[in-house]
Amino acid sequence: MEIIRTVKGLAETADAMRRAGKSIGLVPTMGALHAGHKSLVDRARRENDVVIVSVFVNPTQFNNPDDLRTYPRTEEADCALLEACGVDYAFVPTPAEVYPEPDTRVFDLGPVAEVMEGAMRPGHFNGVAQIVSKLFAWAMPTRAYFGEKDFQQIAVIRRMVELEGFDLEIVPCPIVREDDGLALSSRNVRLSAEARSIAPQIHRILADSVDLKAQGYEAEEVERMVTDAINNIDGLEAEYYQIVDARTMQPVKKWAEAGDLGAAGCVTVYCGGVRLIDNIRY
Ligand code: PAF
């Protein structure tokens with residue numbers, strides 16, 4: 001595996017691969033890689049001639065400076081994992097390389113970016129659109145892989161792709177969970193032993209809520225029941241739990257309002273001071 005540190009190096013390498021007729025799979029990451037990332041990389045490996053993984057903690061998507069400062073950075077271990085997965089190129093740039101000058105672009109992301117994470121973390125999705133659009137422009141991949149744990153992010157990226165006219169396939173990949181149901185996240189390492197023991201309740205409550213739908217409860221009722229169930233557990237505090245149309249991210253009160261992709265329940269929970277996100281499909 002070759003480690004590329006410059007934008008020029010990435011663009012030239014990807015260009016040479018395309019000219020040679022090879023398909024390129026890109027997996028954008030912020031490092032601190034775990035089995036969830038590995039599942040994206042493995043899938044990219046199966047589906048493409050060349051696999052590029054970016055490892056970059058993108059400052060423009062953090063609206064909390066402490067979160068950016070304390071975000072786990074484990075470059076050596078990340079590169080070892082990527083090498084073992086058979087990745088061809090790791091793109092590991094510095095912030096100055098990616099942003100030689102401030103990125104002032106404001107994307108018209110529309111309603112998909114206005115709710116949930118968009119409402120709670122102003123500017124977050126614009127920062128995601130900035131970095132992902134740069135990566136797409138430099139690598140011009142055939143396919144790009146994103147985890148469904150960040151469910152709303154995928155809808156936002158699809159919107160950015162539409163706005164910018166990128167010709168590529170976005171490949172959403174299923175959430176990978178610990179045996180006890182906790183969704184894998186780079187933030188899990190911040191959980192204290194006590195918080196870690198409580199955190200799996202989030203998925204348990206979401207999974208149980210699928211039965212509530214089967215029992216005939218409407219979406220707005222399930223939304224209330226799930227929110228209460230989370231907040232009734234000592235050590236968990238829901239920032240939001242929203243049932244939305246899985247394509248448009250707009251809230252649905254009745255199941256019948258959801259379109260072709262059905263509904264998704266998206267949650268953000270504080271667990272021992274750590275902000276965890278998860279979701280479930282209905
Ligand atoms: O999901 C992430 O890890 C990040 O938001 C992404 C897509 C790599 C952009 O920095």
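Numbering of residues begins at 1 and proceeds along the displayed sequence. Ligands are counted one by one from 1 in listed order, and the atoms in each one are counted from 1 as well. Worth saying up front: this structure is predicted, and the values here are computed from it rather than measured.
A donor-acceptor contact shorter than 3.5 Å links the side chain of Asp103 to the backbone of Arg105.
Checked against the 6.0 Å centroid criterion, the rings of Tyr71 and Phe62 qualify as a close aromatic pair.
Of all the atoms in ligand 1, the ones that sit under 4.0 Å from a non-hydrogen atom of Pro28 are 8 (C). In the vicinity of Ile131, heavy-atom distances shorter than 4.0 Å reach the ligand 1 atoms 9 (C), 10 (O).
Taking distance alone, with nitrogen or oxygen atoms compared against 3.5 Å, Thr29 stays at or beyond that limit from ligand 1. Checking only distances, Gln61 does come within under 3.5 Å of ligand 1, N or O to N or O.
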- Query: Given the rule in the side-chain hydrogen bond (donor to acceptor under 3.5 Å, both in side chains) test, do Ser23 and Arg18 qualify, once you have shown the distances and angles that lead to the verdict?
  - Reply: CA-CA 7 Å; Ser23 60; Arg18 264 192 319 279; over 6 Å; no
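Under the 4.5 Å side-chain criterion, counting only non-hydrogen atoms from C-beta, Trp255 is in contact with Val222.
In terms of protein heavy-atom proximity, atom 2 (C) of ligand 1 is nearest to Gln153 NE2, 3.9 Å. Remark: minimum distance from atom 3 (O) of ligand 1 to any protein heavy atom is reached at Met30 CG, 3.7 Å.
Shown here are the side-chain hydrogen bond (donor to acceptor under 3.5 Å, both in side chains) partners of Asn58, two or more places apart in sequence or in another chain: Thr60, Gln61, Tyr99.
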